[in-house]
There are 2 protein chains.
Amino acid sequence: MFSGSLIKGTLKTIILKLLYEHGSMYGYEITKQVEESSEGKLKLTLGAIYPTLHKLEKGGLLSSRSVEVDNRLRKYYALTAEGKKAAIKKINEYESFARIMHTIILSNN
Amino acid sequence: MFSGSLIKGTLKTIILKLLYEHGSMYGYEITKQVEESSEGKLKLTLGAIYPTLHKLEKGGLLSSRSVEVDNRLRKYYALTAEGKKAAIKKINEYESFARIMHTIILSNN
DNA sequence: CTCATATACATAATTTTCTTATATATAAAA
DNA sequence: TTTTATATATAAGAAAATTATGTATATGAG
């Protein structure tokens with residue numbers, strides 16, 4: 001589980017990407033999905049997820065609808081048209097950044 | 001130049017890695033090196049570099065010596081024995097994190 | 001000769017982003 | 001019945017960066 005700080009700056013990218021692929025998800029589901037696809041190595045904290053979802057919605061990138069399941073509320077989020085553009089942009093930015101980090105981290109000079 | 005936030009959490013790793021490969025460097029040199037190897041795409045701010053170098057030194061990972069060159073001070077930093085261990089650890093952590101991000105970001109499900 | 005740019009360090013104020021703690025509530029399993 | 005899982009929300013605090021500011025020398029352009 002990393003020293004922690006590496007997750008910083010990538011949370012929005014992860015959320016946007018997951019919603020881009022899955023169509024619509026709720027907060028708790030996002031943490032479970034990441035935990036699963038990382039084989040338990042990356043655990044997103046809900047205290048970070050929820051404020052970020054709210055912020056993205058306020059910024060017009062997400063829309064939400066609340067659904068009652070088993071007497072519990074679930075708030076499903078989905079990308080708006082603007083959100084889809086932002087998702088693609090963020091993913092490209094991450095790829096570009098990862099390439100640079102690869103150059104720095106894996107070079108021997 | 002990324003939305004900015006992606007650099008967060010990777011600064012220490014970058015510094016430790018560069019010092020690991022170059023033996024010893026000064027703050028300004030680190031920013032130039034990163035700018036060059038990223039083809040101008042990644043610019044580390046000196047307002048982040050200097051406090052981080054001080055912090056790493058205080059933490060025992062770096063040692064420093066000041067050298068006067070052209071009537072200007074240069075503060076060269078190098079890894080301590082502990083710093084070398086930390087560098088290797090940080091690099092491994094980054095690689096592990098990058099692998100997970102790759103799984104999440106580049107998957108279609 | 002002066003002004004912008006480059007070199008070189010340092011720190012303070014602010015902002016961004018995340019962690020940890022707290023709160024509420026239902027349901028199932030031990 | 002108490003822990004674990006599901007599900008959301010927010011507040012306090014810490015961590016890490018950006019932006020702004022300050023000092024100082026050197027060089028090249030105009």
Side-chain angles (χ1 to χ4, degrees), chain A residues 1-16 18 24-36 40 42-59 61-62 64-77 90 93-94 97 101, chain B residues 1-16 18 24-36 40 42-59 61-62 64-77 90 93-94 97 101:
Chain A
M1 246 295 281
F2 325 111
S3 53
S5 59
L6 284 172
I7 297 96
K8 291 204 174 169
T10 59
L11 185 56
K12 276 184 198 168
T13 308
I14 291 172
I15 291 175
L16 292 172
L18 288 180
S24 119
M25 294 176 92
Y26 53 101
Y28 186 78
E29 186 184 15
I30 290 172
T31 66
K32 293 297 150 190
Q33 170 64 38
V34 168
E35 215 176 316
E36 193 194 312
L42 183 54
K43 286 172 189 169
L44 304 181
T45 58
L46 292 164
I49 290 279
Y50 292 122
T52 302
L53 287 170
H54 300 163
K55 200 177 166 188
L56 290 171
E57 188 177 23
K58 227 177 270 179
L61 303 185
L62 302 184
S64 70
R65 66 195 158 85
S66 287
V67 178
E68 202 184 304
V69 179
D70 294 327
N71 294 319
R72 267 189 239 98
L73 258 190
R74 263 187 207 171
K75 205 163 162 186
Y76 280 94
Y77 290 90
K90 278 276 187 189
E93 273 173 6
Y94 177 77
F97 177 72
M101 282 299 287
Chain B
M1 246 294 282
F2 325 112
S3 53
S5 60
L6 285 172
I7 295 95
K8 291 198 177 175
T10 59
L11 186 55
K12 277 183 195 167
T13 308
I14 291 171
I15 290 174
L16 293 172
L18 289 179
S24 118
M25 294 176 92
Y26 52 101
Y28 186 78
E29 187 185 13
I30 290 172
T31 65
K32 292 297 149 189
Q33 171 63 39
V34 169
E35 216 176 315
E36 193 194 313
L42 183 53
K43 286 173 189 168
L44 305 181
T45 58
L46 292 164
I49 290 280
Y50 292 122
T52 302
L53 287 169
H54 301 161
K55 200 178 166 188
L56 289 171
E57 188 177 21
K58 226 176 272 177
L61 303 186
L62 302 184
S64 69
R65 66 195 158 84
S66 287
V67 178
E68 201 186 304
V69 180
D70 296 327
N71 295 317
R72 268 189 236 96
L73 260 189
R74 265 187 205 169
K75 206 163 163 186
Y76 280 94
Y77 289 90
K90 278 276 187 189
E93 273 173 5
Y94 177 77
F97 178 72
M101 280 300 286

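All values derive from a computational prediction rather than experimental measurement. Sequence lines set the chain letters: A, B, ... in the order given, protein chains first and strands last, and positions in each chain run from 1. When reading the values below, keep in mind they use all heavy atoms of this one structure, side chains included, and skip hydrogens, waters and symmetry mates.
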Could you state the interatomic distance from CG (L61(A)) to CG (L16(A)), rounded to the nearest 0.5 Å?
6.5 Å
Distance check: side-chain N/O of T45(A) vs OP1/OP2 of dC18(C), anything under 4.0 Å?
no
What distance do I49(A) atom CD1 and T31(A) atom OG1 have between them, rounded to the nearest 0.5 Å?
6.5 Å
Could you measure the distance from the CG atom of L11(B) to the OG1 atom of T52(B)? Nearest 0.5 Å is fine.
4.5 Å
Let me confirm one number: the OG1-NZ distance from T10(B) to K90(B), rounded to the nearest 0.5 Å.
9.5 Å
Minimal heavy-atom distance between S24(A) and E29(A), with the atoms involved, is O-OE1, 4.2 Å
What distance do M25(A) atom CE and Q33(A) atom CD have between them, rounded to the nearest 0.5 Å?
5.0 Å
Report which part of the nucleic acid G27(A) touches: base, sugar-phosphate, or nothing (heavy-atom distance under 4.0 Å, all strands).
sugar-phosphate
Report yes if a side-chain nitrogen or oxygen of K75(B) is closer than 4.0 Å to either non-bridging phosphate oxygen (OP1 or OP2) of dA10(C); otherwise report no.
yes
Which of residues 52-59 of chain B sit near DNA chain C, with a heavy atom under 4.0 Å from it?
H54(B)
Can you check each nucleotide of nucleotides 25-30 of chain C against protein heavy atoms at under 4.0 Å and return B for base, S for sugar-phosphate only, - for none, in 5' to 3' order?
-BS---
Would you say a side-chain N or O of K12(A) is under 4.0 Å from OP1 or OP2 of dT17(C)?
yes
Apply salt bridge (Lys or Arg N to Asp or Glu O under 4.0 Å) to E35(A) and list each qualifying residue two or more places apart in sequence or on a separate chain.
K32(A)
Return the value, rounded to whole Å, for the distance between atom OH of Y50(B) and atom P of dT7(C).
11 Å
Rounded interatomic separation in angstrom, taking CG from L11(B) and P from dT16(C):
19 Å
So does Y28(A) get a side-chain nitrogen or oxygen closer than 4.0 Å to the phosphate oxygens (OP1/OP2) of dT6(D)?
yes
Plane angle bin for Y28(B) and Y26(B) - parallel if under 30°, tilted between 30 and 60°, otherwise perpendicular
parallel
Minimum-distance nucleotide (side-chain atoms of P51(A) versus dA17(D), dT10(D), dT8(D))
dT10(D)
Comparing Y26(B) and A48(B) on DNA chain C - which has the more 5′ nearest nucleotide:
Y26(B)
Could you check whether L46(B) gets within reach of a base, just the sugar-phosphate, or nothing at all, counting any heavy atom under 4.0 Å?
nothing
Using 30° and 60° as the class limits, which term best fits the ring planes of H54(A) and Y77(A): parallel, tilted or perpendicular?
tilted
